[in-house]
Structures are given as structure tokens and as C-alpha cells.
Undergrad: 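This is the structure, below, for whatever I ask next.
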Amino acid sequence: MNRNLPFSEWPDAEEIAAKTLDQRQQKLVSDFGRDGYVTLDLDIPDFGVIAERIIAQLKPKYNGDHRIQDAWRVSDDVRALACNHQILDTLALLYGRSAFPFQTLNFDVGTEQPTHSDSIHFHSFPHLFMAGVWVALEDTDAGNGPLHYYPGSHKLPPYTLADIGVPPDKAGSYDLYVKHYEPFIEEVVARHGFTRTHAHLRRGQALIWSANLLHGGSPIREQGRTRHSQVTHYYFDDCVYYTPLWSDAAAGKNYYRSPLHIGTGRTAPQRNCGQPFKPPLKMRTKEFLKSAVSRIYRSKR
């Protein structure tokens with residue numbers, strides 16, 4: 001019954017944890033199951049030096065966009081942070097299976113992004129085997145646009161456009177997302193009375209959150225301030241991966257993903273109920289090319 005749910009979601013998770021884990025681990029499992037997130041102090045020597053090196057490496061690459069996707073391809077420090085053993089070990093503890101990083105996002109300022117759940121962008125079969133990790137490369141506070149989130153909201157259903165009554169359209173998915181999904185999520189927050197919490201993290205701290213936790217970026221109150229950070233998205237082994245925003249399950253149209261394992265630079269294998277699974281070729285081509293480019297890049301380093 002439990003094997004296709006993240007460990008923290010098992011009905012008897014705390015009972016099992018009490019018998020098999022130490023007190024620190026028990027608290028992590030309990031807090032994550034209740035709130036949908038936990039905070040870690042990363043045990044990385046000279047993290048300040050590493051953070052400053054990442055900031056300097058990426059500064060010329062923002063070009064006014066304030067966001068760089070997959071900087072791990074050009075920065076060994078970004079890649080090492082995504083593959084950090086403490087983060088991977090904690091994810092394995094919380095989910096009951098091994099995780100792998102498949103995407104990095106680096107920011108130089110706060111995003112001010114409306115509240116959302118990552119599960120509409122990245123999801124899996126079985127459900128909920130995706131997590132995000134936000135690492136502070138500098139201190140965050142109320143002034144420089146901290147991450148906000150709603151504890152306990154991960155217990156909600158993972159809403160899609162179809163759940164809102166909007167037929168998915170891959171070509172116009174972003175417009176539909178802004179017009180329909182974001183206002184719907186604001187209504188959900190108000191209806192359930194969730195309490196907004198802000199992540200005032202120190203440099204070197206990490207926030208791990210469930211894919212379905214509602215979160216976003218708070219307003220930047222002190223204009224001109226930076227908020228350097230790195231977000232890494234993680235999938236878990238023995239799953240099938242897809243993009244709900246583009247998918248219409250009732251019509252049998254799932255847009256599958258073929259994510260790269262950042263640690264290896266290769267496409268991650270997929271399994272459905274223990275059996276090998278290959279997404280349709282047309283949905284694999286782009287990721288396959290990314291994998292090939294990654295292998296070439298790593299061979300030249």
C-alpha cells in the first residue's frame with residue numbers, strides 16, 4: 001500500500017520513523033509530512049566563498065532576465081550544489097527513494113512570482129515524487145523579496161487546467177496558466193485560510209519543499225537589492241515523468257518528460273509499476289539532444 005507514496009505521506013510514517021530513525025530524522029519526517037517543507041543548514045565548508053564564486057560566474061549571463069536555467073552546464077559550483085549529498089540524503093529520507101536533480105534555476109533578485117504549485121509544471125506517476133530545493137546564496141529578509149509559502153497546502157489535490165475547467169492547449173499553455181490557474185490558486189488560498197509564511201533564510205540554508213506546496217515570490221520592498229539564490233528541482237527514481245500543464249489525461253494525452261540526471265549528464269531511466277517505460281519518441285527528442293550536448297560538454301572539461 002505504501003510503496004507508491006512518498007514516505008512522509010505514509011499513514012504510519014511517524015510510527016515507523018520512531019522505530020528506525022534518530023530524533024533529528026524523525027522531526028524532519030514529521031515536519032515535512034505536516035507542513036510540506038523543511039529547512040536545512042547546509043554543511044558545506046567555505047560556502048560563502050562558493051556562493052560568491054557562483055554569483056561572479058553568472059553575473060554576465062543574466063542579461064536583464066534575472067533568471068538562468070540550467071547554469072549547471074557552465075558552472076561546476078552550480079552542479080555540485082545541485083548534487084549535494086546532504087540534500088540528496090534528506091530527500092531520500094523524506095520520500096523513501098533516491099532523488100536526482102534534473103533542473104537548476106539561478107536568480108539574482110527576488111522573482112515576485114505569483115503563488116503556484118510546482119506540480120502543474122513537473123509531476124510524476126506515481127504522484128508527488130518531485131521536490132524543489134531553494135538555497136540562499138545571500139541572506140534573505142522582508143526587504144529583498146523572500147520566498148513565501150503556505151504550510152499544509154501540499155495536502156490539496158495537485159490542480160491542473162482541466163480541474164479548473166479549461167481545456168489544456170500546449171501552444172497557449174502559459175497564457176492559460178496566467179489567465180486561469182494563477183487566479184484560481186489565489187481563490188484556493190483564501191477559501192482554505194492558509195497562513196502565508198516567509199522564508200528569511202541565511203546564506204547557506206536550504207528550504208526543501210513538496211512539489212505540491214503552494215509558494216511564490218514576495219514583493220521586493222527595497223528596490224535595487226539583490227537576492228541571489230539557486231533552485232534545484234528533483235525527481236525520484238522508478239517513476240514516469242510528465243508535464244501536467246500540457247496534458248489532458250481524460251483524452252489520453254500525457255506530455256511525458258525525459259529528464260536529465262544532472263549528476264551523470266544522461267537521461268534518467270523511467271519505470272512504471274516496476275517495469276521499464278519509454279516515453280513516445282516525439283516527447284523525448286529535445287531532452288535527448290540536451291543529454292548529448294551535456295555528454296560532449298563534460299568530455300571536454
Side-chain angles (χ1 to χ4, degrees), residues 1-14 16-17 25-40 87-88 90-97 99 101-103 105 111 113-135 146-164 177 181-201 205-218 231-236 239 241-245 247 249:
M1 177 183 69
N2 292 331
R3 66 189 299 266
N4 279 336
L5 284 173
F7 175 55
S8 60
E9 295 293 325
W10 292 11
D12 53 354
E14 292 195 25
I16 294 173
Q25 293 171 324
Q26 290 178 46
K27 186 175 185 336
L28 285 172
V29 171
S30 176
D31 289 353
F32 194 76
R34 181 189 65 240
D35 298 328
Y37 72 93
V38 292
T39 302
L40 296 180
I87 292 174
L88 291 174
T90 304
L91 288 170
L93 168 71
L94 299 174
Y95 282 80
R97 64 178 71 180
F102 69 92
Q103 183 191 79
L105 298 171
T111 66
Q113 187 176 7
T115 302
H116 64 285
S117 162
D118 285 345
S119 62
I120 195 170
H121 300 294
F122 320 105
H123 212 40
S124 63
F125 298 112
H127 284 172
L128 302 179
F129 280 97
M130 204 290 286
V133 178
W134 191 95
V135 177
L147 184 75
H148 70 255
Y149 47 91
Y150 293 91
S153 60
H154 66 301
K155 298 289 189 181
L156 294 170
Y159 295 114
T160 66
L161 289 178
D163 294 322
I164 304 171
Y177 174 86
Y181 176 82
E182 290 180 345
F184 174 79
I185 292 300
E186 291 296 336
E187 293 175 3
V188 167
V189 169
R191 184 166 67 248
H192 286 273
F194 291 119
T195 301
R196 176 179 287 207
T197 303
H198 297 90
H200 294 173
L201 270 62
Q205 287 189 308
L207 183 81
I208 297 177
W209 73 87
S210 164
N212 205 40
L213 183 75
L214 297 180
H215 66 284
S218 300
V231 170
T232 305
H233 291 124
Y234 296 82
Y235 272 132
F236 292 80
C239 295
Y241 316 107
Y242 74 108
T243 303
L245 182 61
S247 299

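Just so it is clear, the structure is predicted and the values come from calculations on it, not from any experiment.
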Undergrad: Tell me the closest heavy-atom pair linking P126 and N4, and the distance in Å.
TA: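 For P126 versus N4, the nearest heavy atoms are CB-O, 3.4 Å.
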Undergrad: Can any side-chain N or O of H154 pair as donor or acceptor with the backbone N or O of G33 at less than 3.5 Å?
TA: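 Confirmed, H154 side chain pairs with G33 backbone.
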Undergrad: Going by the angle between their ring planes, with limits at 30° and 60°, are Y177 and H121 parallel, tilted or perpendicular?
TA: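 Correct class here is tilted.
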Undergrad: Taking the side chain as C-beta and beyond, is there a heavy-atom pair between F129 and P6 under 4.5 Å?
TA: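 In contact.
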Undergrad: Quick one: are L88 and Y234 in side-chain contact, heavy atoms under 4.5 Å?
TA: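 Side-chain contact under 4.5 Å: yes.
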Undergrad: Drop me the distance from H200's NE2 to Q205's CD, to the nearest 0.5 angstrom.
TA: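 H200 NE2 to Q205 CD: 12.0 Å, rounded to 0.5 Å.
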Undergrad: Apply ring-ring contact (aromatic ring centres under 6.0 Å, His included) to residues H116 and H215 and explain how you reach the verdict.
TA: CA-CA 6 Å; H116 64 285; H215 66 284; 4.3 Å; yes
Undergrad: Indicate the atoms forming the closest heavy-atom contact of A13 with V29, along with that distance.
TA: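 The answer is CB-CG1, 4.4 Å.
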Undergrad: Could you state the interatomic distance from OH (Y149) to NE2 (H198), rounded to the nearest 0.5 Å?
TA: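 Y149 atom OH to H198 atom NE2 measures 9.5 Å (nearest 0.5 Å).
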Undergrad: Taking all non-hydrogen atoms of both residues, which atom of L91 and which atom of A131 are closest, and how far apart?
TA: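 Shortest heavy-atom separation between L91 and A131 comes out as CD2-CB, 3.8 Å.
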Undergrad: Can you tell if the side chain of L214 reaches within under 4.5 Å of the side chain of E186, non-hydrogen atoms only?
TA: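 Result no, sub-4.5 Å side-chain heavy-atom pair not found.
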Undergrad: Search all heavy atoms of A206 against all heavy atoms of V133 and return the closest pair with its distance.
TA: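 Heavy-atom minimum between the residues: CB-CG1, 4.0 Å.
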Undergrad: Determine whether T39 and D31 make a side-chain contact, defined as any pair of heavy atoms from C-beta on separated by less than 4.5 Å.
TA: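 A side-chain contact is absent here, since even the closest heavy-atom pair is not under 4.5 Å.
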Undergrad: Hey, could you give me the OG1/CG distance between T111 and L105, rounded to the nearest 0.5 Å?
TA: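 Rounded to the nearest 0.5 Å, the OG1-CG separation comes out at 10.0 Å.
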Undergrad: Output, in order, the C-alpha distance, side-chain angles, deciding distance and verdict of side chain to side chain contact (heavy atoms under 4.5 Å, CB included) for E9 and S210.
TA: CA-CA 11 Å; E9 295 293 325; S210 164; 5.9 Å; no
Undergrad: Rounded to the nearest 0.5 Å, how far apart are CG of L207 and CG of L147?
TA: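 Answer for the CG-CG pair, L207 versus L147, is 6.0 Å.
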Undergrad: Find out whether L28 and I208 are in side-chain contact, i.e. whether some heavy atom of one side chain is under 4.5 Å from a heavy atom of the other.
TA: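 L28 does not reach I208 side chain to side chain.
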Undergrad: Should we say atom CD of E14 is surrounded by more than 12 heavy atoms from elsewhere, each under 6.0 Å from it?
TA: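 Result for CD/E14: open.
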Undergrad: Pick one: which of F32, W10, F7 meets ring-ring contact (aromatic ring centres under 6.0 Å, His included) with Y95?
TA: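 Output: one option passes, namely F32.
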Undergrad: Would you find a donor on one side and an acceptor on the other, under 3.5 Å apart, between the side chain of T115 and the backbone of G216?
TA: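 Absent.
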Undergrad: Report yes if the side chains of H123 and T160 come closer than 4.5 Å at any heavy-atom pair, otherwise no.
TA: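 No, too far: nothing below the 4.5 Å cut-off.
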Undergrad: Just so I know, are the side chains of Y181 and S117 near enough to count as touching, which here means a heavy-atom distance under 4.5 Å?
TA: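 The answer is yes, as the side chains (C-beta and beyond) meet within the 4.5 Å cut-off.
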Undergrad: Given side chains that start at C-beta, do those of F236 and S124 come closer than 4.5 Å, heavy atoms only?
TA: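 No; the side chains remain at least 4.5 Å from each other.
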Undergrad: Taking everything shown except K155 itself, do over 12 heavy atoms lie less than 6.0 Å from its NZ?
TA: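 Enclosed.
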Undergrad: Apply ring-ring contact (aromatic ring centres under 6.0 Å, His included) to residues F102 and F122 and explain how you reach the verdict.
TA: CA-CA 11 Å; F102 69 92; F122 320 105; 5.4 Å; yes
Undergrad: In terms of relative ring orientation, are H148 and Y150 parallel, tilted or perpendicular, with 30° and 60° separating the classes?
TA: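 Ring orientation, 0 to 90° scale: perpendicular.
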Undergrad: Can you tell me how far OG of S153 sits from CG of N212, rounded to the nearest 0.5 angstrom?
TA: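 That separation rounds to 7.5 Å.
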Undergrad: Quick check against the 3.5 Å criterion: does S119 have a side-chain atom that pairs as donor or acceptor with the backbone of Y159?
TA: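 Such a contact is absent between S119 side chain and Y159 backbone.
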